[in-house]
**Student:** 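Handing you a structure now.
Below, chain A is the first sequence line, B the second, and so on; all start at residue 1.
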2 protein chains.
Amino acid sequence: MPKKRTLPYIILGLLAQNREMNGRQITNQFQNEIGEFWKAAHSQIYPELKKMTAEGLIVKSTKADNDKEIYYSITAAGQAMLMQWIKEPLTDLPVSQDMFSLKMFFIDDKADYELKRLIEEEISLLETQLKHLQEREKLLFGGQEPKKAFGHFLILQRAIARLQSQLDWLKSLNI
Amino acid sequence: MPKKRTLPYIILGLLAQNREMNGRQITNQFQNEIGEFWKAAHSQIYPELKKMTAEGLIVKSTKADNDKEIYYSITAAGQAMLMQWIKEPLTDLPVSQDMFSLKMFFIDDKADYELKRLIEEEISLLETQLKHLQEREKLLFGGQEPKKAFGHFLILQRAIARLQSQLDWLKSLNI
DNA sequence: ACTGCCATGTAATTAGTTACATGATTAT
DNA sequence: ATAATCATGTAACTAATTACATGGCAGT
């Protein structure tokens, strides 16, 4: 039994929201909110789009004036597969491959300078990301609960709350 | 340039703390605290141990009465490489491949039943994990700040705080 | 002219997962 | 007896990363 794949579902989800996207537009999605939870390079996406087309989950088309850009749309079969995926129960929590925690884990001595250094670096990274997400929230929703894209709104709220609480915790340490 | 590896450093870190472990003991570490941040199956660990032995980062030995169990210890070269890794600056935040957030992201409608279902499932998973970590904390540290394994203590504290704040946030939602 | 971005693709390699496999020991 | 756990290993496969590659178009 092969490993459970995720990337095809993300692509289906994007195409369910947009009706038509090219490979580059899909790739760019991983630079914002989705990038908090999944990364994929264009070199992985283009072959995946071909595979999904062959499987009948998406269809491609080109514009009359520009045959360089290839647009994809979701099919009924793709829609069905996306819904089935969302309905599958959550079986386990994610493993966040967190270098900060991993390195900390191996520092035995409270007085080790590296401990302090790691905490400062992590605070800096978290603050930058928090600012970025707060700007995204303002840009996309402006503090208002939206009619559509409600899930998107929620995960952005959640990511912000999570960053904020991590920062609070780190700053409360007396190292 | 190949992708930055992490597993060898984790193995070095464990052997820096323990002086001698066999493959199974190393594998088992991924079921507790380290498992929050990294997963590895024994089928990945055994070949890695051989590779690291060939590179002179660790050395192997067997007990006189049991040649089935192979124990490994860290070398000076291994120690040096571990310290160098810890000193490398943190460059970016982890991507937690979180199915809950991903699925939520694709739900547009606040009234969609799947939204409520996902939240309930996530709460259940988080509560189970929180209980587990609270028991670990009691077992390992008993509420006391330790002299040694201070980093271990901190990441356990941090994981618990993070789970707690995620639960608070989910429960505060009115879906 | 040069830099950067749009747009798509392939090649080479590594990391990680699942499954297959063996044999010993311990508990019910 | 037989099931579970200890202990080590290999084989087959997939996912993902890095690097290589091409050509057009827009701005300075």
**Student:** Which residue, B/E48 or B/A41, contacts DNA chain C at a nucleotide closer to its 5' end, judged by nearest heavy atom?
**Tutor:**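 Here B/E48 is the residue nearer the 5' end.
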**Student:** What integer distance in Å separates B/I45:CD1 from C/dT17:P?
**Tutor:**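 After rounding, the gap between these two atoms is 10 Å.
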**Student:** Map A/K68 and A/W38 onto DNA chain D by nearest heavy atom, then report which one ends up closer to the 5' terminus.
**Tutor:**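 Closer to the 5' end of DNA chain D: A/W38.
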**Student:** Quick one: closest heavy-atom pair of B/L12 and B/I74, and the distance?
**Tutor:**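 Closest heavy-atom pair between B/L12 and B/I74: O-CD1, 3.6 Å.
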**Student:** Answer whether the closest heavy-atom distance between the side chains of B/K103 and A/Y9 falls below 4.5 Å.
**Tutor:**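 They are not in contact (no side-chain heavy atoms under 4.5 Å apart), so the answer is no.
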**Student:** To the nearest angstrom, how far is A/Q97 atom CD from D/dT17 atom C1'?
**Tutor:**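 Roughly 13 Å, once rounded to whole Å.
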**Student:** Rounding to a whole Å, what distance do you find between B/K50:NZ and D/dG9:C1'?
**Tutor:**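 Answer to the nearest Å: 7 Å.
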**Student:** To the nearest angstrom, how far is A/L7 atom CG from C/dG16 atom P?
**Tutor:**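 For the pair A/L7 CG and C/dG16 P, the rounded distance is 18 Å.
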**Student:** Using only side-chain N and O atoms of B/Q44, determine if any of them is under 4.0 Å from OP1 or OP2 of C/dG16.
**Tutor:**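 So the side chain of B/Q44 is within the cut-off, an N or O lying under 4.0 Å from OP1 or OP2 of C/dG16.
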**Student:** Closer than 3.5 angstrom, by distance alone: can the side chain of B/T53 be matched with the main-chain N or O of B/L49 as a donor-acceptor pair?
**Tutor:**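 A pair under 3.5 Å: yes.
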**Student:** Between D/dA15, C/dT8, D/dT8, which nucleotide has the shortest distance from any of its atoms to the side chain of B/E69?
**Tutor:**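 The answer is D/dT8.
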**Student:** Could you please name the option among C/dG9, D/dA11, C/dT10 that lies closest to any side-chain atom of A/S43?
**Tutor:**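 So the side chain of A/S43 is nearest to C/dT10.
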**Student:** I want to check one thing: is the phosphate of C/dG9, taken as OP1 and OP2, less than 4.0 Å away from some side-chain N or O of A/Y46?
**Tutor:**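 Looking at the OP1 and OP2 atoms of C/dG9, neither is under 4.0 Å from any side-chain N or O of A/Y46.
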**Student:** Using atom CG of B/L49 as one end and atom P of D/dT10 as the other, report the distance to the nearest whole Å.
**Tutor:**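 Atom CG in B/L49 sits about 12 Å away from atom P in D/dT10.
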**Student:** Measure NZ/B/K4 against C1'/C/dT14 and give the value in whole Å, please.
**Tutor:**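 Result: 14 Å.
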**Student:** Between the side chains of A/D98 and B/R158, is the shortest nitrogen-to-carboxylate-oxygen separation below 4.0 Å, so that they form an ion pair?
**Tutor:**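 Yes, this pair counts.
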**Student:** Going from CG on B/L170 to CD on B/E122, what distance comes out if it is rounded to the nearest 0.5 angstrom?
**Tutor:**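 Rounded to the nearest 0.5 Å, the CG-CD separation comes out at 6.0 Å.
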**Student:** Is any side-chain N of the basic residue among B/R117 and B/E121 closer than 4.0 Å to the acidic one's carboxylate O?
**Tutor:**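 B/E121 and B/R117: salt-bridged.
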**Student:** Of the listed nucleotides (C/dT8, C/dA11, D/dT8), which one gets closest to any side-chain atom of B/H42?
**Tutor:**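 Among the listed nucleotides, the one closest to the side chain of B/H42 is D/dT8.
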**Student:** Does the A/S73 side chain pair with the main chain of A/E20, one donor and one acceptor, at a distance under 3.5 Å?
**Tutor:**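 It does not hold such a pair.
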**Student:** So if I take residues 8-35 of chain A and measure heavy-atom distances to DNA chain C, which residues fall below 4.0 Å?
**Tutor:**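 Nucleic-acid contacts, sorted: A/N22, A/G23, A/R24.
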**Student:** Does the side chain of A/R5 get closer than 4.0 angstrom to OP1 or OP2 of D/dA15 through an N or O atom?
**Tutor:**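 The answer is yes; a side-chain N or O of A/R5 sits under 4.0 Å from OP1 or OP2.
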